[in-house]
Number of protein chains: 2
Amino acid sequence: MRKVSLKDIAQKAQVSTALVSYVLNGKEKESRVGEEMAAKIRQIAQELNYQPNYLAQSLRSGKTQTIGLILADISNPFFANVARIVEDEAKRNGYTVIIGSSDENANKSKDLLDVLIKRQVDGFIIVSCEDSDEQVQELVDKHIPFVLLDRYFPAIATDFISTDHYEAAFEGGKHLITNGYQRIGMIAYESGMFHMDERIRGYQNALNDSRIPFREEWLKKVRFTYIEQEVKPAIDELISATEPVDALIFATYGLAINGLKYINELRLNVPDDLAIVSFGQAEAFDLYYCPITYLRQPIGLLGQTAVKLLVEKMDSTNKEPTQILMKAELVARESSKSKMSQ
Amino acid sequence: MRKVSLKDIAQKAQVSTALVSYVLNGKEKESRVGEEMAAKIRQIAQELNYQPNYLAQSLRSGKTQTIGLILADISNPFFANVARIVEDEAKRNGYTVIIGSSDENANKSKDLLDVLIKRQVDGFIIVSCEDSDEQVQELVDKHIPFVLLDRYFPAIATDFISTDHYEAAFEGGKHLITNGYQRIGMIAYESGMFHMDERIRGYQNALNDSRIPFREEWLKKVRFTYIEQEVKPAIDELISATEPVDALIFATYGLAINGLKYINELRLNVPDDLAIVSFGQAEAFDLYYCPITYLRQPIGLLGQTAVKLLVEKMDSTNKEPTQILMKAELVARESSKSKMSQ
DNA sequence: TAGCACTGCTTAATCGTTTAAGCTTATATT
DNA sequence: AATATAAGCTTAAACGATTAAGCAGTGCTA
């Protein structure tokens with residue numbers, strides 16, 4: 001019960017495998033295959049339920065019709081959803097996706113890249129993590145097609161499609177100010193990643209823009225690896241500062257989850273004691289007793305465009321890198337409602 | 001700048017590719033390769049940074065060292081975590097994982113299977129969905145190795161590793177009864193899936209076991225596709241019945257998320273107005289104003305064992321199917337706290 | 001009546017690895 | 001001295017598909 005190969009069809013039709021290949025690839029015209037014979041071959045192929053062998057095709061063509069998707073953290077629902085969208089869109093373009101999660105760890109990310117390069121994926125979509133600049137540069141040097149998603153390195157000229165993190169944070173800050181909050185803090189990751197800096201810069205500029213002097217003690221940075229330990233003291237300090245904050249922006253979903261848990265423990269009331277705006281999006285935000293205002297990144301568009309860009313890149317030996325920034329949408333809910341109306 | 005192949009090494013060493021292959025596969029002894037030559041070949045391979053071509057190897061061996069993981073719904077955090085665990089464990093065994101989500105749709109599941117079979121994955125780990133019995137039977141018939149995860153078909157003799165859903169639901173029910181609740185409802189999926197029936201049976205038997213007569217109107221079934229529309233009336237009916245429920249078991253995570261949102265809208269107080277126990281696990285449960293009691297399935301063990309089972313199955317032409325049931329752990333929290341202490 | 005174009009097919013190389021079988025030499029055995 | 005054994009290689013086929021090049025045969029033109 002071996003699988004059916006071109007050879008089997010060829011034998012049954014009493015012709016060479018070449019002819020069969022021409023017919024089944026629709027090259028009968030260019031290759032001057034007789035009509036009758038073409039029909040016969042197609043018939044037999046159908047009867048035997050022939051399925052071409054991907055491996056053989058790939059070996060010959062050098063293309064695997066596979067793309068590698070490297071996520072920073074698959075347990076983050078934002079990325080999980082990116083994965084599903086990329087998968088669907090890739091399928092629509094005839095590609096299969098192999099997903100890997102770096103868990104924000106550059107070594108793991110490097111391993112994943114290596115494994116997938118060995119597996120000869122045709123290209124990558126990457127949500128890069130801290131300290132992965134070199135890996136990305138290596139891809140550029142090796143001329144491996146890839147697109148960065150949601151995070152990019154301004155110092156490296158690559159294709160990317162990202163949310164405008166600065167703009168989003170700015171909008172988040174402005175929103176709080178508009179709603180009457182004055183002492184606004186932010187909890188962000190301690191990270192050399194550009195997108196994180198942008199979020200911080202956006203937040204600071206929102207204050208600036210409204211002539212609220214930014215105070216260093218309003219900005220707390222915690223490490224991804226020690227998030228549970230470090231978020232708590234960060235919040236403690238924010239609410240017990242000389243100028244305690246009355247609103248807080250979480251720079252990521254993970255920070256929000258941890259922070260909100262602790263805020264619950266402290267029996268702080270959102271938004272009366274503390275208003276909240278967060279990046280990321282998830283069911284957890286809806287379920288909170290006071291639904292959380294968040295910055296909705298255009299997941300669908302991000303994912304689809306990433307695939308589109310990558311496919312183009314893989315098809316044509318490319319020109320200039322395409323770089324796209326997309327706007328996040330602020331979804332205003334109770335956690336940041338106007339102080340006036342309280 | 002083509003990739004380095006065996007041939008390149010062979011040329012540089014002035015030998016045949018066969019010899020190179022023997023050496024690099026550690027078969028120098030059996031194949032009587034001279035020590036010097038072996039050293040020379042290894043040396044050159046290193047210099048050229050030789051990486052074997054997976055495609056060629058796979059084509060020859062018929063093995064791709066790839067496994068397909070088909071999930072029922074990747075946006076469910078339970079499955080997302082399963083994915084990550086399976087991926088890690090597979091890697092440890094030298095396998096790469098291709099993930100697909102069927103979104104609880106048998107057609108999509110069938111498509112995924114077909115695509116991955118064409119891609120010649122060596123085996124599958126499957127969280128099957130409704131009406132996918134035939135697909136599973138087909139795998140059996142085609143002698144494609146696979147392991148069912150978390151859900152199985154009692155009518156088909158397959159390997160599987162699953163939570164004991166009956167037992168878990170029974171425990172959930174008993175827990176509520178122990179804590180003083182008497183009128184316990186359940187919201188489940190309308191589904192022909194065995195695991196769902198088991199959860200329902202467990203719930204009913206918990207009542208029975210405590211001599212609480214089960215009432216049909218306490219059990220509501222909604223359709224996965226129309227979850228948002230159907231959960232609300234289900235809850236409405238449960239709380240306005242002649243014997244309105246004072247506790248509610250959600251049979252899945254998705255049901256809980258939707259249900260709790262609505263319960264919030266209704267301004268019902270958990271657990272005073274309504275106690276809650278749910279299947280599934282997620283950050284959302286921690287974040288709820290009143291942390292949700294849930295049945296923790298042993299994700300890590302489930303995933304690891306599934307991979308282990310599959311690897312064994314793929315290595316040896318197997319014997320009897322291995323079938324494993326694992327216990328879920330009830331994590332008791334505020335949403336089901338004892339009525340007495342309230 | 002050679003020359004040409006066209007039709008319909010086959011041959012054989014190629015992608016990169018693996019591996020059974022075979023071919024030289026050199027060494028050991030009787 | 002004749003033969004067997006072993007050591008150290010090479011050859012070549014195979015996995016399955018693709019495709020450039022080539023070979024007959026037919027019909028047409030000049």
Side-chain angles (χ1 to χ4, degrees), chain A residues 1-42 44-45 48-66 94 117-122, chain B residues 1-42 44-45 48-66 94 117-122:
Chain A
M1 275 274 279
R2 237 188 54 271
K3 286 203 74 187
V4 180
S5 74
L6 275 193
K7 214 192 224 166
D8 300 320
I9 301 180
Q11 255 156 20
K12 203 154 185 195
Q14 311 252 53
V15 294
S16 68
T17 61
L19 214 57
V20 179
S21 172
Y22 288 135
V23 172
L24 298 184
N25 286 302
K27 305 213 174 152
E28 359 171 355
K29 287 277 139 43
E30 305 94 294
S31 304
R32 305 166 312 200
V33 182
E35 275 190 37
E36 285 179 46
M37 190 48 89
K40 182 175 176 187
I41 288 171
R42 260 192 293 270
I44 296 178
L48 300 184
N49 185 29
Y50 168 73
Q51 305 281 48
N53 183 318
Y54 262 102
L55 293 171
Q57 285 181 327
S58 298
L59 178 57
R60 181 111 219 297
S61 66
K63 303 263 155 232
T64 54
Q65 294 293 112
T66 303
I117 288 175
K118 270 198 210 163
R119 294 256 167 189
Q120 288 166 277
V121 299
D122 295 335
Chain B
M1 275 274 280
R2 238 188 52 272
K3 287 202 74 184
V4 179
S5 74
L6 276 191
K7 213 190 222 167
D8 300 319
I9 302 179
Q11 253 157 24
K12 202 154 185 193
Q14 311 253 52
V15 294
S16 69
T17 61
L19 213 59
V20 179
S21 173
Y22 288 135
V23 172
L24 299 183
N25 286 302
K27 305 215 173 146
E28 1 172 352
K29 286 279 138 44
E30 305 95 293
S31 304
R32 305 165 313 199
V33 181
E35 274 188 39
E36 285 179 46
M37 189 50 89
K40 182 175 174 189
I41 287 171
R42 259 192 293 270
I44 295 178
L48 299 185
N49 185 30
Y50 168 73
Q51 306 280 48
N53 183 317
Y54 262 102
L55 292 172
Q57 285 180 328
S58 299
L59 179 58
R60 181 112 219 300
S61 66
K63 304 261 154 236
T64 54
Q65 294 292 111
T66 303
I117 288 175
K118 270 199 210 162
R119 295 256 167 190
Q120 287 165 277
V121 299
D122 295 335

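Per chain, numbering begins at 1; letters A, B, ... match sequence-line order.
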| task | Output yes when a side-chain donor or acceptor of A:Q51 lies under 3.5 Å from a complementary backbone atom of B:K118, and no otherwise. | result | no
| request: Tell me what B:V15 touches on the nucleic acid: a base, only sugar-phosphate, or nothing, going by heavy atoms under 4.0 Å. | output: sugar-phosphate
| query | Counting any heavy atom closer than 4.0 Å, what does B:E30 reach on the DNA or RNA strands: base, sugar-phosphate only, or nothing? | reply | nothing
Report the distance from atom [atom1] of [X] to atom [atom2] of [N], rounded to the nearest whole Å.
| X | N | atom1 | atom2 | result |
| --- | --- | --- | --- | --- |
| B:K63 | C:dT18 | NZ | P | 16 Å |
| A:E28 | D:dT19 | CD | C1' | 16 Å |
| B:Q11 | D:dT10 | CD | P | 13 Å |
| B:I9 | C:dG16 | CD1 | C1' | 11 Å |
| A:L6 | D:dT19 | CG | P | 12 Å |
| A:K29 | C:dC6 | NZ | C1' | 16 Å |
| B:L19 | C:dT24 | CG | C1' | 15 Å |
| B:D8 | C:dC15 | CG | C1' | 13 Å |

Looking at [options], which one has an atom nearest to any side-chain atom of [X]?
| X | options | value |
| --- | --- | --- |
| B:S5 | C:dA13, C:dT11, C:dG16 | C:dG16 |
| A:A56 | C:dT18, D:dG16, C:dC9 | D:dG16 |
| B:L59 | D:dT19, D:dC15, C:dT17 | D:dC15 |
| B:R60 | C:dT17, D:dT18, D:dC9 | C:dT17 |
| B:N25 | C:dT18, C:dA12, C:dC9 | C:dT18 |

Rounded distance (nearest 0.5 Å) linking atom [atom1] of [X] with atom [atom2] of [Y]:
| X | Y | atom1 | atom2 | result |
| --- | --- | --- | --- | --- |
| A:K12 | A:I41 | NZ | CD1 | 13.5 Å |
| A:L19 | A:E28 | CG | CD | 10.0 Å |
| B:T66 | B:Y54 | OG1 | OH | 8.0 Å |
| B:Q11 | B:T17 | CD | OG1 | 10.5 Å |
| B:N53 | B:R60 | CG | CZ | 14.0 Å |

Is any side-chain nitrogen or oxygen of [X] closer than 4.0 Å to OP1 or OP2 of [N]?
| X | N | answer |
| --- | --- | --- |
| B:K27 | C:dT19 | yes |
| B:Q57 | C:dG16 | no |
| B:Y54 | C:dT18 | no |

Distances for protein N/O vs nucleotides 21-27 of chain D N/O pairs under 3.5 angstrom?
| residue | atom | partner | partner atom | Å |
| --- | --- | --- | --- | --- |
| D:dG22 | O6 | A:R32 | NH2 | 3.4 |

| field | Neighbour count above 12 (heavy atom, 6.0 Å) for A:E30 CD | value | yes
| Between A:T17 and A:S31, which has a closest nucleotide on DNA chain C that is more 5'? | A:S31
| query | Do A:L48 and A:I9 have side-chain heavy atoms sitting under 4.5 Å apart? | reply | yes
| task | Could you say whether A:L55 or B:G34 is positioned toward the 5' end of DNA chain D, judged by the nucleotide with the nearest heavy atom to each? | result | B:G34
| request: Please tell me which of B:A38 and A:N53 maps to the more 5' nucleotide of DNA chain D, matching each residue to the nucleotide holding its nearest heavy atom. | output: B:A38
